[in-house]
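Here's the structure, in structure tokens; my notes come after.
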Amino acid sequence: MREGSLEAPTRHPLDWKNPEFYDAAQVEKELGRVFDICHGCRRCVNLCTAFPTLFDLVDASSTMEVDGVAKQDYWKVVDQCYLCDMCYMTKCPYVPPHPWNVDFPHLMLRAKAIKFRKGIRFRDRLLSSTDALGKLAAIPVVAQTVNAVNKNAVARAALQSVLGVHKDRELPPYTSERFRSNFAESRSFPVKDGKNAPGKVAIFSTCYVNYNEPGLGHDLLALLAHNEIPYVVVEKEACCGMPKLELGDLEAVDRLKQINIPVLARVAKEGYAILAPVPSCTLMFKQELPLMYPGDADTLAVRDAMFDPFEYFVLRRKDGLLKTDFKTPLGKISYHIPCHSRVQNMGQKTREMLEAIPGTAVSTVERCAGHDGTWGVKTEYFANSMKIGRPVFRQMAEPQPDYVASDCPIAARHIRQGMGDEAKNAIKEHPLSLLRKAYGI
Ligand code: SF4
Ligand code: SF4
């Protein structure tokens with residue numbers, strides 16, 4: 001048996017409609033098999049807290065092997081995984097097509113799906129309902145009240161004891177000026193398709209941009225307009241489903257897919273590039289939904305039309321169709337590439353684009369920051385999320401940057417919080433906002 005696979009990694013479709021997918025005994029058997037491989041390997045020990053949890057259980061057991069670990073303790077490992085995919089992508093030599101067939105994140109997902117069916121906390125259901133939560137919290141007056149509560153120490157202590165949202169976690173503000181109700185219509189530029197990317201864009205705005213940081217959506221539209229790329233904002237959208245997937249609620253993912261895919265497939269077939277400004281949402285359409293619906297032509301059409309915004313801009317630049325009339329140098333940027341961007345296998349497109357701006361130096365940090373969508377918000381995981389992020393906070397602060405940026409706005413907030421006073425003058429800014437600033441538009 002070879003030590004590791006030499007072939008390109010592949011991923012098996014998720015067999016989530018098969019009743020056996022939810023068979024707890026089968027999953028425990030598979031957890032035992034994979035944990036045993038991981039125990040013999042231990043490459044992933046410093047990636048997250050799932051692996052140290054497993055190895056501590058093994059080392060404390062009577063046999064010092066996986067067979068000495070109580071099966072109910074397997075689920076402690078599952079709880080520590082937030083499905084960033086980094087073990088699969090960056091470390092594991094035993095992923096398919098290797099015969100050992102280790103896909104640690106998807107095994108965790110299967111286990112989470114079983115846990116979900118057994119019942120989960122109201123808090124977890126609420127936090128993963130980003131669309132419903134956003135709709136409610138973005139109502140005028142409600143938005144101001146929610147934002148005030150989020151900043152009030154007494155209210156946060158109450159929120160922690162009632163809902164399990166850690167009192168020290170900085171939460172994103174809500175806005176009543178939703179992106180989807182306030183965006184600027186596109187001017188009528190001629191469509192210039194390039195060799196590498198289509199010349200017209202459809203925007204899937206995402207819950208986060210719609211309800212929390214609409215400015216990112218406006219920045220993206222301004223960049224498209226400056227480059228004379230016509231755009232539409234898709235007529236209807238729901239959450240991409242990633243927060244529900246991370247919870248193992250696959251039926252909810254299915255419901256959201258039924259809303260999004262027909263709308264997105266229509267624009268994909270009309271030749272639009274679809275851009276989503278949050279990496280986890282892009283990944284959902286590029287990878288997770290195609291693995292859940294491998295034979296669904298519409299899902300695959302959406303996958304093929306979906307671009308990360310910087311992936312799109314770099315391809316347009318390659319086609320000679322992106323302006324480079326930058327006016328403002330940006331100085332030093334500490335840039336964090338989120339796990340869900342790395343998993344898209346597209347290279348470091350944001351870094352490439354920012355480095356093309358004269359007078360701009362980018363130092364890139366390629367490590368998990370440890371927040372994940374909702375994981376690092378929860379009381380029981382907050383400390384671990386700050387611990388996982390510590391090397392990132394340190395590396396981001398080290399160059400004394402002018403700006404701190406991550407494609408994931410949630411990771412960026414977490415990183416800025418973790419950096420504290422280490423880089424006092426560094427401004428947190430999204431790469432899209434930085435690119436807009438560089439163009440002076
Ligand atoms: S997917 Fe991420 S969080 Fe889960 S075990 Fe792998 S590295 Fe850890
Ligand atoms: S996921 Fe793969 S690389 Fe990581 S510890 Fe397990 S076997 Fe080793």
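In each ligand, atom 1 is the first atom listed, and ligand 1 is the first ligand listed. The first residue in the sequence is number 1, and the count goes up from there. For clarity, every value in this text was computed on a predicted model and none was experimentally measured.
At least one heavy atom of F51 lies less than 4.0 angstrom from ligand 1. Residue contacts with ligand 2 include P93, since one or more of its heavy atoms lies under 4.0 Å from the ligand.
For an aromatic pair to be called close, the ring centres must be under 6.0 Å apart, and F183 with H218 fails this. Checked against the 6.0 Å centroid criterion, the rings of H414 and F393 qualify as a close aromatic pair. For F104 and F51, the ring centers are positioned less than 6.0 Å apart. Aromatic ring centroids of F204 and F285 lie under 6.0 Å apart.
With distances taken over non-hydrogen atoms, the option nearest atom 6 (Fe) of ligand 2 out of P105, A50, C38 is C38.
For atom 3 (S) of ligand 2, the closest non-hydrogen atom of the protein is C92 CA, 3.3 Å. When hydrogens are left out, the protein atom nearest atom 2 (Fe) of ligand 1 is C84 SG, 2.4 Å; that is the closest non-hydrogen contact. The single protein non-hydrogen atom nearest to atom 7 (S) of ligand 2 is Y94 CD1, 3.5 Å, given as residue, atom name and distance. When hydrogens are left out, the protein atom nearest atom 8 (Fe) of ligand 2 is C41 SG, 2.3 Å; that is the closest non-hydrogen contact. Protein heavy atom at the shortest distance from atom 4 (Fe) of ligand 2 is C44 SG, 2.3 Å. Summary of contacts: the protein heavy atom closest to atom 1 (S) of ligand 1 is D85 N, 3.2 Å.
In this structure, R178 forms no cation-pi arrangement with Y211, as its terminal cationic atom is not both closer than 6.0 Å to the ring centre and no more than 45° off the ring axis. A cation-pi contact links K257 to Y293, judged by a cut-off of 6.0 Å to the six-membered ring centre and 45° from its axis. Judged by the 6.0 Å distance and 45° axis criteria, K118 is positioned over the aromatic ring of W75.
At a 4.0 Å heavy-atom cut-off, ligand 2 does not touch Y88 at all.
Residue E398 qualifies as open at atom CD: its count of foreign heavy atoms under 6.0 Å is 12 or below.
Residue-ligand proximity, F104 to ligand 1, at heavy-atom distances under 4.0 Å covers atoms 5 (S). Proximity to C48 (heavy-atom distance under 4.0 Å) selects the following atoms of ligand 1: 3 (S), 5 (S), 7 (S), 8 (Fe).
For residue C81, an N/O/S atom approaches atom 4 (Fe) of ligand 1 to within less than 2.8 Å. For a distance bound of 2.8 Å, the N, O or S atoms of C87 include one lying that close to atom 6 (Fe) of ligand 1.
There is no side-chain donor-acceptor pair under 3.5 Å between H336 and D407.
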